[in-house]
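Worksheet: one structure, shown below.
These numbers were taken from a predicted model, which means no experiment stands behind them. Atoms considered below: every heavy atom in the structure, side chains included; atoms not considered: hydrogens, waters and symmetry mates. A, B, ... follow the sequence lines: proteins, then strands. Residue 1 opens every chain.
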Amino acid sequence: MSYAITAAYIVAALLFIVGIRRLRNPETARIGNITSAIGMLIAVVATLFTPGITDYLWIVVGIFAGSAVGYISAERVAMTAMPQMVAAFNGVGGGAAALVAVSEFHRVHDLTHGPQLFVFTSAVLFSVLVGGVSFAGSVVAFAKLQGIWPARLRSFPGQALVNVLVFGGAVALGILVLVGDAGTPAVAIVLGLTAVLGILFVMPIGGADMPIVISLLNAFTGLAAAASGFALSNYVLIIAGSLVGASGTILTQLMSSSLGRSLPKILFGALAGGGKAAAQEQGGEEKPVHTASAEDVASILTADAESIIFVPGYGLAVAQAQKALSGLMEALEAQGKQVRFAIHPVAGRMPGHMNVLMAEAEVPYDKLIDLEDINDDFADTDVVLVVGANDVVNPQAKEAGDTPISGMPVLDVGAARRVVFIKRSLAPGFAGIDNPLFYDEEKTMMLFSDAREGLEGVLEAVKKG
Amino acid sequence: MSYAITAAYIVAALLFIVGIRRLRNPETARIGNITSAIGMLIAVVATLFTPGITDYLWIVVGIFAGSAVGYISAERVAMTAMPQMVAAFNGVGGGAAALVAVSEFHRVHDLTHGPQLFVFTSAVLFSVLVGGVSFAGSVVAFAKLQGIWPARLRSFPGQALVNVLVFGGAVALGILVLVGDAGTPAVAIVLGLTAVLGILFVMPIGGADMPIVISLLNAFTGLAAAASGFALSNYVLIIAGSLVGASGTILTQLMSSSLGRSLPKILFGALAGGGKAAAQEQGGEEKPVHTASAEDVASILTADAESIIFVPGYGLAVAQAQKALSGLMEALEAQGKQVRFAIHPVAGRMPGHMNVLMAEAEVPYDKLIDLEDINDDFADTDVVLVVGANDVVNPQAKEAGDTPISGMPVLDVGAARRVVFIKRSLAPGFAGIDNPLFYDEEKTMMLFSDAREGLEGVLEAVKKG
Amino acid sequence: MSGQALLGNLAVLGLAVAIGFELISRVPSLLHTPLMSATNAIHGVVLVGAMIAVGVSGADTLIKILGTIAVAFGTANIVGGFVVTNRQLGMFRRSERGKKER
Amino acid sequence: MSGQALLGNLAVLGLAVAIGFELISRVPSLLHTPLMSATNAIHGVVLVGAMIAVGVSGADTLIKILGTIAVAFGTANIVGGFVVTNRQLGMFRRSERGKKER
Ligand SMILES: NC(=O)c1ccc[n+]([C@@H]2O[C@H](COP(=O)([O-])OP(=O)(O)OC[C@H]3O[C@@H](n4cnc5c(N)ncnc54)[C@H](OP(=O)(O)O)[C@@H]3O)[C@@H](O)[C@H]2O)c1
Ligand SMILES: NC(=O)c1ccc[n+]([C@@H]2O[C@H](COP(=O)([O-])OP(=O)(O)OC[C@H]3O[C@@H](n4cnc5c(N)ncnc54)[C@H](OP(=O)(O)O)[C@@H]3O)[C@@H](O)[C@H]2O)c1
């Protein structure tokens, strides 16, 4: 029996691999997700047959409770709230990994000794440390993104020292558990300390940096699961944990490199520098801009444009304007225009966020074109409509300098014949720097408005005239 | 100690992975090959410390003999003879895998019993079967490519039946070993039968199909090594064998799909159909062609051409004309022409063969352009010079039909302003079908000559002016 | 866990990390958000460990409590992660024109 | 080989095959010939098995003979394969212009 279970775990792990492989292509991605889910089902069902499992009551209770909460929240969440959702699920996953490690320690640590025990205990402690940080950190990240974290609670004098002390305490206690024979209570205290650490770690980081933190904590949870797998000598945990660890690492790298700030700076900069994640640089207010009304924008789009590119950004998500934008696409296509979307990989607040939002608004994905593939086409484009985006089209990124976005590849919208921005003001975006494109009165028009209202106005005007 | 050895094996296997990963890019490929070689060294050195190894004499003798033979032949072989070389090394590898399995069986099979023995013996038999076929088949493939296999010896009446009988005999004996207690002699006989099988299998296949056979046998040897790894419970054998198995499978698929014939047809078609691998279709002789002299070709290349593309093929390798072609490139570049090479993935007789030959002739690899990347450029090209290639530029592949090359992507040389062929006659290439491009008297010029002599003539005429 | 089993686990870890990097780096940025939520669901597999912890006979009350929480957490992670990924992926559609062009 | 060890080997096999396909499918056709000769060299790792067979005390004459042949074969495979691959790769050079363009 126990061989059959191990075999089932191996099959499950291979199904995860096949599933992720199918995420390469939007045509097969959904099947891929289902493949992974089937792998999970196999692993869970196989576990029910583990020799020694006699008490099914609490398993069933836990599964029912978890399924209900998981299912309902996943069905209800808005696509714009994906970062929060990922944070929440990541938190419970990290918490589960840490609790599993503690339970396993409690159950087994009297029964083994010698080098085996050492390896086992190391794996448990690693899982507790990383899982605990991931749990508490994700909860804070969730609260920040949801806007329910009190804004005052960011950092306090001497916090850096407190962080070091808490971390040092957890490690010291861990070493005691490892070499001495401190029992379960000590491990529980380590878990408590790591939870405090997770809170202290995420607390000072600005809300806009949260996606990076979440992606990092996602990698952490994967590592915690892999470590639990070492403690239990369980292949499916090891393999699945490693896959997730790799995924989180790659996405974190992608984001931090496109933010132009190193990961340590993002994570610890707020504490060291004291406060704001990005300085809000002001002072472009005096330069004149070419302001436009919804009617002006509509006439530009309909009168002398053939090829049009839309650039959605974070502001579109905030204003929930994805439907309005896809409506405008349809109206313009009905008039025979070519309309495409230029999607910057870090537009919005999560990698690939804009793709999901536009897909939700029923824009076919072959119109969502990646930075690399569309950048050469701007030169042949009549009008670019930038909705709630800023940094991802900022030409300053291409100039040498030490702005936060220097070196980040941006959409080359300035190459088009005309550019229209829909945003509420001249305020900068996430990176906090001014965009020289706003002040090119020849080329650029600014429609100052909420993204949704502005788009609805333009749409109405397009339909009328 | 034995833990350290296992750890070394794991490190070696990971180094193989890193090594192959670096083969992705010509800039890192050489380091990648060295990385793999270091992994191999680690594995071999670690093995010397295996507990129980006391007799180093024969190990040292074998290693010296093998190193000398391997090194000298690798240093001396001509690049045009790479297919033979790979066949030879593949053969010895397959032979070694089979012999290891037999030895291990002889040593261990009395000591274990029960299900363990069953798994062990299955792994041994698989390794013997596949390794033996790979060994003998590779030897025949080598002999055919080297031209030392007697041409008469292809097939004999009733061979299909004999093949089935030999295979059946090997399997039956294997089952006897598995369930009864036939000992080492029986396994040795199985090895003998599989060797006969390898010979019978490759014998009827035409020399030009050998690269596919070799690639397939390469995959076989990998699988045999992995099976030996199962018998020895040795990670490095399992992992390395799987990597090679995957590599051989992918390259075999690539070749057979670009040949437009299914793998079973290639392998068993010769036997079933009786004889020739590809029918030499004649009958284009009567149509007129535009014949040219070396001077004509030279004047076309120098007088009114700006952009030139060379297309090397199998005939270039046969004629050892790679140096002559790179000389012509230099002469034309000295006159300010743009010269590039269009490389079809299955030009020549081995995947990527033309790239190695042109690299040997010191053509920089960024001038060697892949089918996909260059095909759109032919339309803007003045002259295409096709040297010893035929099938890979045959426009018939694009037309629906049941020619052997239908559906194979080809170089679209007909889109260029002028095409010049250097080959000895109007004879067809590997696929045995006529090339309509030869008869386009407006566009095409035929220089009937050996590739090397022809190119040298053209080069001389170009230099003269 | 014996020494050889530990080494076996390390081999599996090394291979899994290598394959993880290969696989993830080939997912296009179009699908990065669903990728994040799908891998997020996959780490819920710790549920397996939680089930063993809470189900084996002789587990004391502390383990029962921690384990049941862990089971609930793990299940929420799995179910929520796969469902939300499925929702996202269900929205990705090719245009009619794109379908024909294939 | 115990049952658990067998399953461990199978897990390793599955992962290695998966990673093999990922890695190989990303090698450009430019380098397919060296790829073939490099993987060819790698399967020479059976040498390890041959060394064990011939070196352990108590191996009888049959094994000595077969094993020594296997050692020689495996070594020839390894040395020849890596050397010829190295020769090939040493010939691949970027043009001066290409170097600058980078
Ligand atoms: N995607 C990721 O993974 C990720 C993760 C972390 C950070 N980031 C960073 O986030 C930035 C993303 O660039 P982006 O161009 O998408 O966004 P952005 O540069 O942050 O700019 C968003 C713009 O939207 C406008 N806006 C906000 N609410 C709006 C509303 N309701 N209606 C209309 N406009 C509104 C704002 O201007 P007004 O206030 O004038 O309206 C703002 O300038 C990059 O700097 C990126 O590095 C991305
Ligand atoms: N690369 C691989 O992996 C691989 C493996 C197996 C099969 N193949 C097959 O091989 C073919 C390769 O295409 P290809 O265009 O390279 O070659 P090809 O179609 O076989 O044509 C080669 C041509 O070279 C000419 N030739 C032979 N010796 C010559 C010499 N000494 N001087 C000048 N010309 C000479 C021959 O014509 P004359 O007799 O008139 O001179 C022949 O038409 C494809 O069909 C492919 O599918 C490739």
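- No part of B/Leu371 comes within reach of chain D, as not one of its non-hydrogen atoms sits under 4.5 angstrom from that chain.
- For chain D, the option among B/Gly39, B/Pro345, B/Ala97 with the highest count of heavy-atom pairs below 4.5 Å is B/Ala97.
- Of all heavy-atom pairs between D/Asn77 and B/Gly93, the closest is ND2-CA, 3.0 Å.
- For the pair B/Ile214/D/Met36, a side-chain contact is recorded, criterion being any heavy-atom separation below 4.5 Å from C-beta on.
- Options D/Ile19, D/Leu62, D/Leu89 differ in how many heavy-atom pairs under 4.5 Å they form with chain B, and the most are formed by D/Leu89.
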#### Entry: B/Ile250/D/Phe21 under side chain to side chain contact (heavy atoms under 4.5 Å, CB included): CA gap, chis, key distance, verdict
CA-CA 8 Å; B/Ile250 289 180; D/Phe21 276 98; 3.5 Å; yes
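- The candidate with the highest count of non-hydrogen atom pairs below 4.5 Å against chain D, out of B/Leu48, B/Val69, B/Leu368, B/Ile63, is B/Ile63.
- Only the side chain of B/Leu251 has a heavy atom closer than 4.5 Å to any heavy atom of chain D.
- Interface residue B/Tyr9: only side-chain heavy atoms are found under 4.5 Å from chain D.
- The side-chain heavy atoms of D/His43 and B/Asn218, taken from C-beta on, include a pair separated by under 4.5 Å.
- If you measure heavy-atom distances from B/Ile343 to chain D, you find no contacts under 4.5 Å at all.
- Both the backbone and the side chain of D/Leu10 come within contact range of chain B, with heavy atoms under 4.5 Å apart.
- Counted within 6.0 Å of OH on B/Tyr56, heavy atoms from surrounding residues, nucleotides or ligands total more than 12; the atom is thus considered enclosed.
- Residue B/Phe135 touches chain D through its side chain alone, counting heavy-atom pairs closer than 4.5 Å.
- The pair B/Asp55-D/Lys64 counts as a salt bridge, with a side-chain nitrogen and a carboxylate oxygen less than 4.0 angstrom apart.
- In this structure, the separation between CD1 on D/Ile42 and CD1 on B/Ile239 is 11.5 Å, given to the nearest 0.5 Å.
- Two residues are said to be in side-chain contact when any heavy atoms from C-beta on lie closer than 4.5 Å; B/Met82 and D/Val84 meet this criterion.
- Proximity to chain D (any heavy atom under 4.5 Å) is shown, for B/Tyr71, by both the backbone and the side chain.
- Checking side-chain atoms of D/Arg93 against main-chain N and O of B/Val363 turns up no donor-acceptor pair under 3.5 Å.
- Comparing B/Val244, B/Leu243, B/Val236 by heavy-atom pairs within less than 4.5 Å of chain D, the highest count is held by B/Val244.
- Residue B/Ser73 does not touch chain D at all, counting heavy-atom pairs closer than 4.5 Å.
- The CE atom of B/Met350 sits 4.5 Å away from the OG1 atom of D/Thr33 when rounded to the nearest 0.5 Å.
- Separating the OG atom in B/Ser36 from the CG atom in D/Asn86 is a distance of 11.5 Å, to the nearest 0.5 Å.
- To the nearest 0.5 Å, the span separating CG on B/Leu99 from CD1 on D/Ile65 amounts to 11.5 Å.
- Counting heavy-atom pairs closer than 4.5 Å to chain D, the top-ranked of the candidates B/Glu362, B/Met79, B/His353, B/Glu104 is B/Met79.
- When side chains are defined from C-beta on, D/Val46 does not count as touching B/Thr221, because their heavy atoms never get closer than 4.5 Å.
- Distance check: B/Glu360 CD to D/Gln88 CD gives 9.5 Å after rounding to the nearest 0.5 Å.
- Annotation: side chain of B/Phe230 is in contact with side chain of D/Leu13 (closest heavy-atom distance under 4.5 Å).
- With chain D as the partner, the residue from B/Thr249, B/Val77, B/Thr50 showing the most heavy-atom pairs under 4.5 Å is B/Val77.
- In terms of heavy-atom pairs under 4.5 Å with chain B, the best-connected choice from D/Val48, D/Val17, D/Val54 is D/Val48.
- Residue contact with chain D, scored on non-hydrogen atoms closer than 4.5 Å, is absent for B/Ile72.
- Looking at D/Ala18, there are no atoms closer than 4.5 Å to chain B (heavy atoms on both sides), in backbone or side chain.
- The closest donor-acceptor contact from the side chain of D/Asn40 to the backbone of B/Val86 lies under 3.5 Å.
- The contact between B/Asn33 and chain D is made by backbone and side chain atoms together, counting heavy-atom distances below 4.5 Å.
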### Test log, rule side chain to side chain donor-acceptor pair (under 3.5 Å), inputs D/His32 and B/Asn355
CA-CA 9 Å; D/His32 274 172; B/Asn355 295 298; over 6 Å; no
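- Only the side chain of B/Thr184 has a heavy atom closer than 4.5 Å to any heavy atom of chain D.
- In terms of heavy atoms, D/Ser95 sits closest to B/Pro364 at N-CB, 3.1 Å.
- Side-chain contact between D/Val45 and B/Leu237 is present, with at least one heavy-atom pair separated by less than 4.5 Å.
- Interface remark: of the candidates D/Ile52, D/Leu35, D/Leu15, D/Thr68, D/Thr68 forms the most heavy-atom pairs closer than 4.5 Å to chain B.
- Annotation: maximal heavy-atom pairing with chain D below 4.5 Å, among B/Gly66, B/Gly70, B/Ala43, occurs at B/Gly66.
- Ranked by heavy-atom pairs under 4.5 Å with chain B, the list D/Gly74, D/Gly14, D/Gly81, D/Pro34 is led by D/Gly81.
- Only the side chain of D/Leu47 has a heavy atom closer than 4.5 Å to any heavy atom of chain B.
- For B/Arg76, the part lying under 4.5 angstrom from a heavy atom of chain D is the backbone only.
- Rounding to the nearest 0.5 Å places CZ of D/Phe82 at 10.0 Å from CG of B/Leu41.
- Panel note: side chain D/Arg87, backbone B/Ala74; a donor-acceptor pair is recorded below 3.5 Å.
- The shortest side-chain heavy-atom distance between D/Ile78 and B/Phe89 does not fall under the 4.5 Å cut-off.
- The shortest distance between side-chain heavy atoms of D/Ser29 and B/Asp370 falls below 4.5 Å.
- Using a 4.5 Å cut-off between heavy atoms, B/Val102 touches chain D through its side chain atoms alone.
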